[in-house]
Amino acid sequence: MLDIITYYITFGKIHFVLLFAALLFIYLIWKSLVLGAECFIFKKTERVKALKTVSRVIAVFVISTIAFFLLIGVSLEQIATTHSSESIVETNNLLMSLDRSIFGAYPFAWLQTETNPFKSFFDKLAVVLVNTYASLSLVLAMILVLTLLKNSHLFYKFILSFSASLLISLPIWYLVPAIPPIDGYVDNITGAPLAEDIRASLISYRPNQTLAATFDVFRTIRSEYLSADAFAITTMPSMHVAWATLILYFGISVWAPLALILVPYFILNLVSTVYVAQHYAVDAFGGLAVAILAIILSLFWAKRGVPKIISDHHALIRADMDYGVDYLRSAARNFISSARVLIS
């Protein structure tokens with residue numbers, strides 16, 4: 001299970017989301033130590049209530065985080081190791097045929113096929129597309145921070161949507177066991193014979209230097225963390241597209257002008273997931289549907305109100321932020337006053 005979790009953390013670059021959680025935990029520990037010192041050393045009995053609140057937040061944070069990772073880890077382990085190569089190949093071929101029926105070609109291959117008149121355009125965008133794909137975790141963490149700072153209700157809905165998107169996808173991944181095009185067709189790790197038209201597409205498939213280097217990174221991660229009997233079966237629906245949709249929705253909810261940045265970012269994510277051969281084009285539709293359903297469920301559930309543990313957490317952070325802002329303003333005013341005295 002640990003190898004599977006490590007694979008997805010490394011491959012999906014989830015480090016930034018984990019960093020957000022780690023910094024949040026460090027903040028809570030620091031806050032508890034400060035409040036503990038005020039209560040037991042400086043005898044500020046009025047701070048006991050705040051200390052109890054922080055202690056409850058820490059307990060819920062630790063328990064929920066461990067439970068969530070255990071659930072996801074055990075589920076992904078089952079999904080990755082219980083399907084036969086034959087069932088995976090059958091699902092891959094189904095998704096490929098859907099792509100061809102909708103688009104008249106195999107989109108992941110067409111984007112880098114020599115006969116594609118737009119190949120040079122996509123080659124120029126290679127660095128942008130690859131980095132857009134790789135940056136999802138960082139942007140997701142940034143939106144998490146912004147929603148937390150905005151208000152507890154929005155943060156709660158984001159957490160609900162994020163969790164729901166994963167919980168909705170887990171059974172779909174199990175029922176629709178597919179691996180990415182790079183695994184199933186470019187590298188053909190199952191060894192299954194390829195259909196004639198697919199082989200023809202791959203013959204003229206020429207990934208540019210940036211994309212080829214990215215593929216090498218993917219292969220290295222796969223070889224290091226996935227055993228011979230494990231497959232990366234998290235293709236349909238695409239979590240990349242699902243989370244890009246959450247970023248778009250909640251980012252605009254925080255501050256509407258962010259749409260100027262987040263709409264192009266969302267579009268680039270739609271293209272990049274297919275461009276880097278990690279998803280079939282139909283996976284993007286699946287990811288979009290999952291995100292919309294997750295958001296609807298979060299809006300419905302959030303009508304019940306924000307749990308006290310979330311609102312207390314937000315209140316703690318806002319209080320410290322307001323104190324820090326006031327301190328900086330006061331320091332700036334003092335500095336300006338001192339500078340004026342020196343100048344005069």
Side-chain angles (χ1 to χ4, degrees), residues 5-28 61 65 68-69 72 76 125-150 154-166 169 180 210-211 213-218 220-222 224-225 232 234 237-279 283-284 287-288 290-291 294-295 298 317 321:
I5 292 177
T6 305
Y7 168 79
Y8 282 107
I9 288 174
T10 305
F11 184 86
K13 299 185 184 295
I14 309 299
H15 307 85
F16 294 108
V17 175
L18 295 180
L19 178 61
F20 168 82
L23 291 175
L24 208 54
F25 182 70
I26 291 169
Y27 163 77
L28 291 171
F61 180 85
T65 300
F68 184 77
F69 271 96
I72 298 301
L76 289 176
L125 278 180
V127 174
V128 174
L129 290 170
V130 167
N131 282 292
T132 297
Y133 183 83
S135 69
L136 185 77
S137 174
L138 173 60
V139 180
L140 190 68
M142 290 169 62
I143 300 300
L144 271 170
V145 171
L146 291 176
T147 56
L148 178 59
L149 298 181
K150 180 71 173 181
L154 194 60
F155 178 69
Y156 180 50
K157 287 189 288 187
F158 195 126
I159 295 299
L160 286 175
S161 299
F162 179 81
S163 303
S165 67
L166 273 172
S169 298
T210 300
L211 191 55
T214 302
F215 285 171
D216 287 340
V217 173
F218 292 163
T220 299
I221 297 172
R222 183 178 68 205
E224 286 183 356
Y225 297 110
T234 51
S238 165
M239 278 296 93
H240 227 84
V241 172
W243 290 346
T245 307
L246 297 187
I247 287 170
L248 177 63
Y249 177 81
F250 286 99
I252 293 174
S253 297
V254 170
W255 192 45
L258 283 176
L260 296 173
I261 299 172
L262 295 181
V263 169
Y265 181 77
F266 173 76
I267 295 171
L268 285 170
N269 260 296
L270 288 178
V271 177
S272 69
T273 56
V274 179
Y275 183 76
V276 299
Q278 283 303 309
H279 288 283
D283 297 344
L288 183 61
V290 165
I295 291 170
S298 73
I317 293 176
M321 278 192 61

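Excluded from the calculations below are hydrogen atoms, water molecules and symmetry mates; all remaining heavy atoms, backbone and side chain alike, are included.
Looking only at side-chain heavy atoms (C-beta outward), Pro264 and Ile267 stay at 4.5 Å or farther from each other. Proximity of His240 to Asp283: side-chain heavy atoms (C-beta onward) are nowhere separated by under 4.5 Å.
When the side-chain contact (heavy atoms from CB on, under 4.5 Å) test is applied to Leu268, the partners found at least two apart in sequence or on another chain are Val128, Leu129, Thr132. Residues that satisfy the side-chain contact (heavy atoms from CB on, under 4.5 Å) test with Thr65, not counting sequence neighbours, are Phe61, Phe69. Legend: residues meeting side-chain contact (heavy atoms from CB on, under 4.5 Å) with Leu149, ordered by chain and number and at least two apart, are Val145, Ile317, Arg318, Met321. With sequence neighbours excluded, the residues that form a side-chain contact (heavy atoms from CB on, under 4.5 Å) with Leu146 are Ile143, Val254, Leu258. Applying the side chain to side chain donor-acceptor pair (under 3.5 Å) criterion to Ser298, with sequence neighbours excluded, gives Ser161.
Residue pairs that meet the ring pair (Phe, Tyr, Trp, His ring centres under 6.0 Å) test with at least one member in residues 243-262, sequence neighbours left out, are Phe158-Phe250, Phe162-Trp243.
A donor atom on one side chain and an acceptor atom on the other are found under 3.5 Å apart for Ser135 and Tyr265.
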Please walk me through it: do Phe215 and Leu211 pass side-chain contact (heavy atoms from CB on, under 4.5 Å)?
CA-CA 6 Å; Phe215 285 171; Leu211 191 55; 3.7 Å; yes
Apply side-chain contact (heavy atoms from CB on, under 4.5 Å) to the pair Leu148 and Leu144, showing each step before the final yes or no.
CA-CA 6 Å; Leu148 178 59; Leu144 271 170; over 6 Å; no
Steps toward side-chain contact (heavy atoms from CB on, under 4.5 Å) verdict (Leu136, Ile247)
CA-CA 9 Å; Leu136 185 77; Ile247 287 170; 3.7 Å; yes
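Contact record, Thr273 with Ser238: CG2-OG, 4.3 Å, taken as the closest heavy-atom pair. Nearest heavy atoms, Ala284 versus Leu270: CB-CD2, 4.3 Å. The two residues Ala294 and Ala164 make their nearest non-hydrogen contact at CB-CB, 3.9 Å. In plain terms, the two heavy atoms of Ser169 and Met239 that are nearest each other are OG-CE, 2.8 Å. Annotation for Val241 and Phe266: closest pair O-CE1, 4.4 Å, computed over non-hydrogen atoms. Across all their heavy atoms, Thr210 and Ala126 have their closest contact at CB-CB, 3.9 Å.
Atom-to-atom distance recorded for Leu154:CG and Ile159:CD1 is 10.5 Å, nearest 0.5 angstrom. Between the NE2 atom in His279 and the OG atom in Ser272 there is a gap of 9.0 Å [rounded to 0.5 Å].
The number of heavy atoms from other shown groups lying within 6.0 Å of CZ (Phe25) does not exceed 12.
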